[in-house]
Amino acid sequence: MNRIIVEGTGSILLEDLRVGMRSRIAKTFGDRDLEMFGELSEDRNPLHFSDEAAKGTIFGERILHGMLTASLFSGLIGERLPGYGTIYLSQNLTFLAPVRPGDEVIAEVCVSGINVDRNRVNLDCVAKIGEKTVIKGDARVIAPTAN
């Protein structure tokens with residue numbers, strides 16, 4: 001099976017999508033990203049912002065909001081695969097390991113199924129730090145079409 005890597009931004013129309021197409025992005029989140037996400041989401045849990053408070057948790061130090069890391073999937077789906085015009089229908093996620101400020105996360109989406117009659121596309125979603133998977137899941141979207 002041909003594994004096409006999609007780079008750049010734009011739209012890939014439903015008619016041009018193929019199972020196995022994938023796109024990935026690498027991102028290192030810093031304290032400013034964490035602060036902005038906390039402000040936007042209204043999630044100011046001290047686990048994310050206070051070294052002292054985080055010491056008393058199972059992680060022993062501050063971690064990113066899981067949804068901040070998962071937001072990379074939204075960027076990949078909305079900007080690259082399928083891209084502009086895509087409509088999110090659902091997202092399932094399992095958080096497997098913490099992400100700390102300064103960790104480089106590599107997120108990837110891969111087309112796992114296409115229903116041409118309904119304009120639906122299924123994508124597998126994985127985020128890793130090095131070889132360690134930190135999030136896995138899937139998404140279902142409506143892809144843009146030529147019609």
Side-chain angles (χ1 to χ4, degrees), residues 1-14 16-114 119-145:
M1 179 182 317
N2 193 4
R3 300 284 184 189
I4 299 169
I5 303 275
V6 176
E7 295 183 14
T9 60
S11 290
I12 300 175
L13 299 177
L14 179 76
D16 298 323
L17 288 171
R18 301 291 176 263
V19 170
M21 292 176 89
R22 60 187 62 232
S23 186
R24 69 176 60 106
I25 189 169
K27 173 95 176 160
T28 302
F29 292 102
D31 285 333
R32 181 67 186 128
D33 301 308
L34 191 67
E35 291 168 15
M36 287 189 305
F37 189 82
E39 184 177 324
L40 290 170
S41 68
E42 298 291 330
D43 181 352
R44 295 179 183 91
N45 184 330
L47 167 64
H48 306 301
F49 300 100
S50 167
D51 291 326
E52 192 60 35
K55 283 181 190 176
T57 70
I58 61 172
F59 305 112
E61 60 186 319
R62 290 184 309 127
I63 63 169
L64 296 178
H65 301 78
M67 294 307 289
L68 173 56
T69 305
S71 70
L72 293 174
F73 301 130
S74 179
L76 285 168
I77 291 168
E79 291 277 328
R80 297 183 183 184
L81 185 64
Y84 301 158
T86 299
I87 299 169
Y88 245 108
L89 294 174
S90 65
Q91 177 88 61
N92 297 301
L93 300 170
T94 302
F95 297 92
L96 301 169
V99 177
R100 292 164 176 84
D103 286 343
E104 181 184 57
V105 177
I106 298 174
E108 180 177 275
V109 296
C110 178
V111 176
S112 59
I114 303 169
N119 299 354
R120 304 299 197 258
V121 178
N122 295 331
L123 300 121
D124 291 332
C125 304
V126 175
K128 294 183 174 189
I129 298 171
E131 294 299 315
K132 184 177 192 173
T133 300
V134 295
I135 303 174
K136 69 177 181 177
D138 59 82
R140 193 165 150 235
V141 303
I142 299 173
T145 67

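Looking only at side-chain heavy atoms (C-beta outward), L93 and F73 come within less than 4.5 Å of each other. Inter-residue side-chain proximity for K128 and V134 is flagged as unmet; no heavy-atom pair is nearer than 4.5 Å. Counting only heavy atoms from C-beta outward, the side chains of P82 and I77 approach each other to under 4.5 Å. With contacts defined as side-chain heavy-atom distances shorter than 4.5 Å, the pair F37/L64 does not qualify. In this structure, the side chains of T86 and P144 come closer than 4.5 Å at one or more pairs of heavy atoms. Residues L89 and V141 form no side-chain contact, since every pair of their non-hydrogen atoms from C-beta on lies 4.5 Å or further apart.
Panel note: side chain R22, backbone L81; no donor-acceptor pair is recorded below 3.5 Å. Between the side chain of Q91 and the backbone N or O of D138 there is at least one donor-acceptor pair closer than 3.5 Å. H65 places a side-chain N or O within 3.5 Å of a backbone atom of D43 that can act as its donor or acceptor partner. Of the possible donor and acceptor atoms, one in the side chain of R62 sits under 3.5 Å from a partner among the backbone N and O of H48. Between the side chain of D103 and the backbone N or O of V105, no donor-acceptor pair lies under 3.5 Å. Put simply, the side chain of T145 never gets that close to the backbone of L14: no donor and acceptor are under 3.5 Å apart.
Summarising the geometry, atom CD belonging to E108 is positioned 8.0 Å from atom OG belonging to S23; distances are rounded to the nearest 0.5 Å. In this structure, I114 CD1 and R18 CZ are separated by 7.0 Å, a value rounded to the nearest 0.5 Å. Note that CZ of R24 is 10.5 Å distant from CZ of R80, once rounded to the nearest 0.5 Å. Remark: S112 OG to N122 CG distance equals 5.0 Å, nearest 0.5 Å. Between atom CD of residue E61 and atom NZ of residue K55 there is a gap of 10.5 Å, rounded to the nearest 0.5 Å. In this structure, R120 CZ and I87 CD1 are separated by 8.5 Å, a value rounded to the nearest 0.5 Å.
Annotation for M67: atom CE does not count as buried by contact number, only 12 or fewer foreign heavy atoms lying within 6.0 Å.
Between I135 and T133 the shortest heavy-atom distance is O-CG2, 3.5 Å. Closest heavy-atom contact between Y84 and S11: O-OG, 2.5 Å. A pairwise comparison of heavy atoms in A139 and Y88 identifies CB-CE2, 4.1 Å as the closest pair. The minimum heavy-atom distance between T28 and G102, with the atom names listed, is CG2-O, 3.4 Å. The shortest non-hydrogen separation linking A26 to I106 is CB-CG1, 4.0 Å. Closest approach of M21 and I12 over heavy atoms only: CE-CD1, 4.0 Å.
With P98 as the partner, the side-chain contact (heavy atoms from CB on, under 4.5 Å) test is satisfied by one option alone out of I63, T57, I129: I63.
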